[in-house]
Amino acid sequence: EAVSDSFYFVRQPLAGNGSITARVTSLTGLIPVLSSSGGDMRPGLAPWAKAGIIIKASTRQGSAYAAMMVTGSHGVRMQYNYTLDIAGLPGTVSAASPRWLRLTRSGDVFTGYDSADGTHWIKVGAAHLAGLPATVQAGLFTTSPQYAQVMSQSFGGQGSAAGGPTQATAAFDHLTRQGTWPGGAWTGEEIGGSGNAPPAQRGGFHQAGGGFTVSGSGDIAPAVSGAAGLGTTIAQTLLGTFAGLIAAIVVATMFITAEYRRGLVRTTFAASPRRGQVLAAKAIVIGAVTFIAGLAAAAIVVTLGQRILRGNGVYVSPVTALTGLRVVAGTAALLAVAAVLALALGAVLRRSAVAAAAVIVVIVVPYLLALSVLPAGASDWLLRIAPAAAFAVQQTQPQYPQVSNVYTPAFGYYPLAPWAGLAVLCAWAALALGLAFFLLRRRDA
């Protein structure tokens, strides 16, 4: 899994078992001025700015770790191995309300504790990190993730956002250690940073007496795509789904409305009086043919699309083979179920143009409204109940609550899980088929 591993690290080696304890007395920061094009900064703290104590396998990016931290708006957390997050004491940190943090190592087990007074300790959680070396790197860290705010949304899942890097600064004191530590000076190191980075992205530390001030920028978390993330996902290669969807809708409606227009439906029903069986047979045929065609098309465009994007220097977030298969098969299923829905409405309305327009309005219009017109809350609600919820089957990355990002449909994130979104479209198609079956039996051919 792709991860972000960028922070400022004040470290010493820890040989074998041991612990590190520190008190955090402040956490302040800088965030970008969104109205400025010159990279100006103003005082402010990113909600997931982090500062605390960390034990890490090595200074190599992506290596295993466990950390106890204070955050900008989410209280104390224990986080480890990038995706795992446990809540500790709530509230923000200040001189009047400091937070004590402790992290211990016993073999492969790392245990985190927090305290409001340094006397009464509460266990936050434990992590099992197998395969770590006997000597690890441990100490203080500070980081602050990219800040982003949606400025506009647009068709095709690509919105625009303004933002930029942020920086956090934390004050530590009462630093104590147990175990085998070398003593001597602490080493400050920028993990994942660049010496040519702008000031807002540079870290550093200052030691005075028993206190430390540590500044840093970046994040220790799963890497995501989107407004505050990196690159794009394979869903970008499937923008042509809309063209295929419209074609499937038109063909599916004509699959039954053409018989009404030419009067051949009477012959069909005379040959097969059970009208429900006729409707079911048509639904199976149009659904199967659309699925097979959609499966082949999706497999080709996902494969070639990734090569084209990467060939043009675009970072495409990696996915597992199972996720890639789900996206391809899910896209084909989306087209197939939409075709069945179009067939059912064609049987209800009996006119090709009217039925095709109705299906396009039911599926495409809610999607466009959610992407480019409605606010986030309303678009989430709409994409839970409208047939357009099925586009969630193309989502490849989860929404991590501990990662700052703009999680909206415009950036490829949907409120429902992939198969749950497809199930919404299936429910609409089933209702339409039920209505079509009822009307076929009640009306004259």
Under 4.5 Å between any side-chain heavy atoms of L14 and Q137, yes or no? no

For D117 and T119, indicate whether the former's side chain and the latter's backbone hold a donor-acceptor pair under 3.5 Å. yes

Under the 6.0 Å and 45° cation-pi test, does R11 pair with W186? no

Any side-chain donor paired with an acceptor under 3.5 Å for T166 and S144? yes

Heavy atoms, side chains only, cut-off 4.5 Å: are P13 and P182 in contact? yes

Derivation of the side-chain hydrogen bond (donor to acceptor under 3.5 Å, both in side chains) call for T237 and Q306: CA-CA 7 Å; T237 66; Q306 290 185 81; over 6 Å; no

Checking the side chain of T104 only, and the main-chain atoms of S19 only, is there a donor and an acceptor separated by less than 3.5 Å? no

Show the nearest heavy-atom pair for residues T143 and S6, with the distance to one decimal. OG1-O, 2.7 Å

Within the distance-only criterion (no hydrogens, no angle test), does the side chain of N17 pair as donor or acceptor with the backbone N or O of G107 below 3.5 angstrom? yes

Nearest heavy atoms of S26 and V93, plus distance in Å: C-CG1, 4.1 Å

So, do Y82 and Y400 sit near enough that their side-chain heavy atoms are less than 4.5 Å apart? no

Taking only Lys NZ, Arg NE, NH1 and NH2, and the carboxylate oxygens of Asp or Glu, determine whether K56 and D5 approach each other closer than 4.0 Å. yes

If only atom types and distance count, is the side chain of T233 paired as donor or acceptor with the main-chain N or O of T396 below 3.5 Å? no

Approximate separation, where rounding is to 0.5 Å, of F141 CZ and M68 CE: 10.0 Å

Locate the shortest heavy-atom distance separating A51 from F172; write the atom from each residue and the value. CB-CZ, 4.1 Å

Donor-acceptor pair, side chain of Q402 and main chain of W48, under 3.5 angstrom: no

Mark yes or no for whether Q395, through its side chain, and A235, through its backbone, hold a donor-acceptor pair below 3.5 Å. no

Residues S215, T169; criterion side-chain hydrogen bond (donor to acceptor under 3.5 Å, both in side chains); working and verdict: CA-CA 4 Å; S215 298; T169 300; 2.7 Å; yes

So V424 and W428, do their side chains get closer than 4.5 Å, heavy atoms only? yes

Check the pair W419 / V393 against side chain to side chain contact (heavy atoms under 4.5 Å, CB included), numbers first and verdict last. CA-CA 6 Å; W419 295 120; V393 79; 3.9 Å; yes

Does a donor on one side chain and an acceptor on the other come within less than 3.5 Å for S97 and R99? yes

Would you give the length of the straight line joining atom OG1 of T92 to atom CG of L89, rounded to the nearest 0.5 angstrom? 12.0 Å

Testing the basics here: between V124 and M78, what is the closest heavy-atom pair and its distance to 0.1 Å? CG1-CB, 3.8 Å

N/O donor-acceptor pair under 3.5 Å between T71 side chain and G75 backbone: yes

Evaluate the side-chain proximity of F110 to Y80: yes if any heavy-atom separation is below 4.5 Å, no if none is. no

Cation-pi, W381 ring and R384 (6.0 angstrom, 45 degrees): no

Could you check whether any side-chain N or O of S106 sits under 3.5 Å from a backbone N or O of V109, counting only pairs where one atom can act as donor and the other as acceptor? no

Q397 and Y413 side chains, donor-acceptor separation under 3.5 Å: yes

Test side chain to side chain contact (heavy atoms under 4.5 Å, CB included) applied to I53 and L140, step by step: CA-CA 5 Å; I53 53 180; L140 310 174; 3.7 Å; yes

Near Q61 CD, under 6.0 Å, is it more than 12 heavy atoms from other residues, nucleotides or ligands? yes

Donor-acceptor under 3.5 Å (S404 side chain, P145 main chain): no

To the nearest 0.5 Å, atom CD1 of I220 lies from atom CG of N81 at 11.5 Å

Working to the nearest 0.5 angstrom, can you tell me the gap between Q394 CD and I234 CD1? 9.0 Å

After noting the C-alpha distance and the side-chain angles of Y407 and V224, does the key distance pass the side chain to side chain contact (heavy atoms under 4.5 Å, CB included) rule? CA-CA 10 Å; Y407 293 114; V224 298; 4.2 Å; yes

Find out whether P409 and L383 are in side-chain contact, i.e. whether some heavy atom of one side chain is under 4.5 Å from a heavy atom of the other. yes

Is any side-chain heavy atom of I54 less than 4.5 Å from a side-chain heavy atom of F9? yes

Measuring from I249:CD1 to T290:OG1, what's the distance to the nearest 0.5 Å? 10.5 Å

Within a radius of less than 6.0 Å around NE2 of H174, do more than 12 heavy atoms belonging to other residues, nucleotides or ligands occur? yes

Rounded to the nearest 0.5 Å, how far apart are OG1 of T111 and CZ of R102? 11.5 Å

Test item: side-chain donor near acceptor, Q12 and T187, under 3.5 Å: no

Which pair of non-hydrogen atoms, one from A22 and one from L175, has the smallest distance, and what is that distance? CB-CD1, 4.0 Å

Mark yes or no for whether T323, through its side chain, and V319, through its backbone, hold a donor-acceptor pair below 3.5 Å. no

Counting only heavy atoms from other residues, nucleotides and ligands, does the tally under 6.0 Å from CZ of R307 exceed 12? no

Write down the atom of A388, the atom of P366, and the distance for their closest heavy-atom approach. CB-CB, 4.4 Å

Student check: side-chain heavy atoms of W121 and T21 closer than 4.5 Å: yes

Quick one: list whatever passes side-chain hydrogen bond (donor to acceptor under 3.5 Å, both in side chains) with D380, sequence neighbours left out. none

Step by step, work out the side chain to side chain contact (heavy atoms under 4.5 Å, CB included) result for V76 and M69. CA-CA 6 Å; V76 173; M69 65 194 71; over 6 Å; no

